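Each remark here refers to the structure printed beneath this line.
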Amino acid sequence: MVDLNAPIIPWEGMGGIKLYSHINELYNAIQQSKQEPSLIGKFLLKYEIEDSVDLWFNVVNGKLFKITALKNYTGKLMENIYIGMPIDEVLKIEPSFEYDDFEEVYCSPKGIYIETDPVKHTVLWISVYINEIDNEDFESGNW
């Protein structure tokens, strides 16, 4: 089960779930989900767990490379950043975020993506990911 109040920790995980976990370690949480997985490209698989988190796996090695906090997640990033918070307040707390026009998310070199509501300018999702996500051989599972 996902701990919805657990802190969001860059490079590590959230909800009591650790990045780099193998899909078989999270079998029970995935099994309880009512959503079918989404295949992203050829080698990436996403499971949504009860509007709380998305779990992103590499199909080749079976490992978790990204976790995304969704609307029902109440844990905080850096003790102060949360889902629904105005992005202007986020940027005051953590100035390392820069907006990526192509991906349409705020990115921090500290291992975090934040997607915002384009009308309300509030945080919709917070993602933490592994360091190897930008490596050339990421999809081939060599990490």
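Please read all numbers here as calculations on a predicted model, not as lab measurements.
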Backbone of F102 reached by a side-chain donor or acceptor of D100 within 3.5 Å: yes
Straight-line distance of S127 OG to L77 CG, nearest 0.5 Å: 10.5 Å
Interatomic spacing from CD in E132 to NZ in K63 - rounded to 0.5 Å: 8.5 Å
Y20 reachable from V53 in the ILVMFWY side-chain graph, under 4.5 Å edges: yes
W11 and I130: CA distance, side-chain angles, deciding distance, side-chain contact (heavy atoms from CB on, under 4.5 Å) verdict: CA-CA 6 Å; W11 307 122; I130 65 170; 5.8 Å; no
Donor-acceptor under 3.5 Å (E12 side chain, I9 main chain): no
Trace of the side-chain contact (heavy atoms from CB on, under 4.5 Å) decision for E50 with V2: CA-CA 9 Å; E50 304 160 0; V2 179; over 6 Å; no
Expected output: side-chain N142 to main-chain D137 donor-acceptor under 3.5 Å: no
Sole residue of W125, Y106, Y129 in ring pair (Phe, Tyr, Trp, His ring centres under 6.0 Å) with Y113: Y129
Side-chain donor-acceptor pair present, T122, D117, cut-off under 3.5 Å: no
Pair I93-I81, side-chain contact (heavy atoms from CB on, under 4.5 Å): steps then yes or no: CA-CA 8 Å; I93 294 167; I81 299 171; 4.1 Å; yes
Non-hydrogen side-chain atoms of E139 and V60 separated by less than 4.5 Å: no
Donor-acceptor contact below 3.5 Å, side chain N72 vs main chain S52: no
ILVMFWY cluster, L91 and Y82 together (side-chain gap under 4.5 Å): yes
Atom of V123, atom of V90 and distance for their closest heavy-atom approach: CG2-CG2, 3.8 Å
Side-chain heavy-atom pair Y47, D54 within 4.5 angstrom cut-off: no
Side chains of L44 and L39 in contact at under 4.5 Å (non-hydrogen atoms): no
Straight-line distance of I67 CD1 to F57 CZ, nearest 0.5 Å: 8.5 Å
Separation of E94 CD from I112 CD1 (nearest 0.5 Å): 6.0 Å
Intermediate values then yes/no, side-chain contact (heavy atoms from CB on, under 4.5 Å), H121 and T116: CA-CA 6 Å; H121 305 288; T116 57; 5.7 Å; no
From NZ (K120) to CD1 (I87), nearest 0.5 Å: 15.0 Å
Close side-chain approach of I8 and Y73, heavy atoms under 4.5 Å: yes
Expected output: side-chain T74 to main-chain L4 donor-acceptor under 3.5 Å: yes
Donor-acceptor pair, side chain of S33 and main chain of Q35, under 3.5 angstrom: yes
Residue E25 excluded, over 12 heavy atoms near CD under 6.0 Å: yes
Approximate separation, where rounding is to 0.5 Å, of L124 CG and I83 CD1: 7.5 Å
Shared hydrophobic cluster, W143 / I17 (ILVMFWY, side-chain heavy atoms < 4.5 Å): yes
Shortest non-hydrogen contact between P109 and S96, atoms and distance: CD-O, 3.6 Å
Validation row, ring centre F138 to ring centre F65 under 6.0 Å: yes
